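Just follow the structure's listing: the first ligand is 1, and inside any ligand the first atom is 1. Starting from 1, each residue takes its place in the sequence as its number. Note that the structure is a prediction, hence the values are computed from the model and not measured.
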Amino acid sequence: MEALACADHPTATELYETLKEKYPALSRGTVFRVLSQFADEGKISRLGSADGSVRYDAGKIPHAHAQCLRCGKIRDLFGDEYAAVLNTKLPDGFTVYSSRIEYLGLCGECAESGNN
Ligand SMILES: [Zn+2]
Ligand SMILES: [Zn+2]
């Protein structure tokens, strides 16, 4: 969890590479399994990515993401608006494990660099 909180929306592989330096005995399978379990339990969120990889986010404060479809950069967006949307009244008895808002598009740098 700690490693995840320090990283910027890592993929399981990226997180594994980071952890491996500190815990050489750690297996890749363990990292994948734990991440997947945490995500299923709603402790962390699972994000899709423009390149098809799965990224993880330990952000506890509800937030939205703006992701660039070209370079894959993900930015966090915080604000009362997002918290409000994420706290939308749900059907009675509905338990939320996770929720997410994603904006997909081009980041400023990519948009500026032209060619569509
Ligand atoms: Zn970009
Ligand atoms: Zn995030």
Side-chain angles (χ1 to χ4, degrees):
M1 282 301 270
E2 215 177 286
L4 187 59
C6 296
D8 183 27
H9 306 101
T11 61
T13 304
E14 283 165 6
L15 197 67
Y16 166 69
E17 301 290 336
T18 309
L19 286 167
K20 201 173 58 170
E21 289 167 22
K22 222 170 153 187
Y23 309 100
L26 193 70
S27 83
R28 180 184 290 256
T30 304
V31 174
F32 276 68
R33 201 168 54 244
V34 168
L35 282 173
S36 168
Q37 187 192 326
F38 281 179
D40 289 344
E41 290 168 358
K43 289 180 183 159
I44 60 176
S45 35
R46 198 187 262 130
L47 313 167
S49 187
D51 58 11
S53 61
V54 177
R55 297 185 166 275
Y56 292 93
D57 191 352
K60 288 191 192 66
I61 305 164
H63 63 273
H65 289 108
Q67 182 172 61
C68 178
L69 292 170
R70 184 175 297 167
C71 68
K73 236 180 259 163
I74 300 176
R75 306 227 163 107
D76 285 334
L77 305 171
F78 294 95
D80 294 344
E81 316 85 275
Y82 305 115
V85 173
L86 293 168
N87 289 326
T88 302
K89 176 114 177 62
L90 292 156
D92 283 342
F94 191 95
T95 305
V96 178
Y97 288 144
S98 71
S99 59
R100 67 185 199 202
I101 303 175
E102 280 174 315
Y103 298 93
L104 302 177
L106 281 183
C107 72
E109 284 145 46
C110 289
E112 246 169 53
S113 73
N115 55 63
N116 89 72

Mind checking how many protein N/O/S atoms fall short of 2.8 Å from the Zn ion (ligand 1)?
4

Please find the pair of heavy atoms, one from R46 and one from S36, that lie closest to each other, and give the distance.
NH2-O, 3.4 Å

Closest heavy-atom pair, G72 versus Q67, reported as atoms and distance to 0.1 Å, is O-NE2, 4.0 Å

Among the N, O or S atoms of D57, the one nearest the Zn ion (ligand 2):
OD2

Nearest heavy atoms of L26 and Y16, plus distance in Å
O-CE1, 3.6 Å

Please give the atom name: the N, O or S atom of H9 nearest to the Zn ion (ligand 2).
NE2

Write the atom name of the N, O or S atom in D76 that is nearest the Zn ion (ligand 2).
OD1

For H9 and R55, which heavy atoms make the closest approach, and how far apart are they?
O-NH1, 2.6 Å

C107 and C68: which non-hydrogen atoms are nearest, and at how many Å?
N-SG, 3.3 Å

Set of residues satisfying salt bridge (Lys or Arg N to Asp or Glu O under 4.0 Å) with respect to R33, sequence neighbours excluded:
none

Would you say D76 and D57 make side-chain contact, with heavy atoms under 4.5 Å?
yes

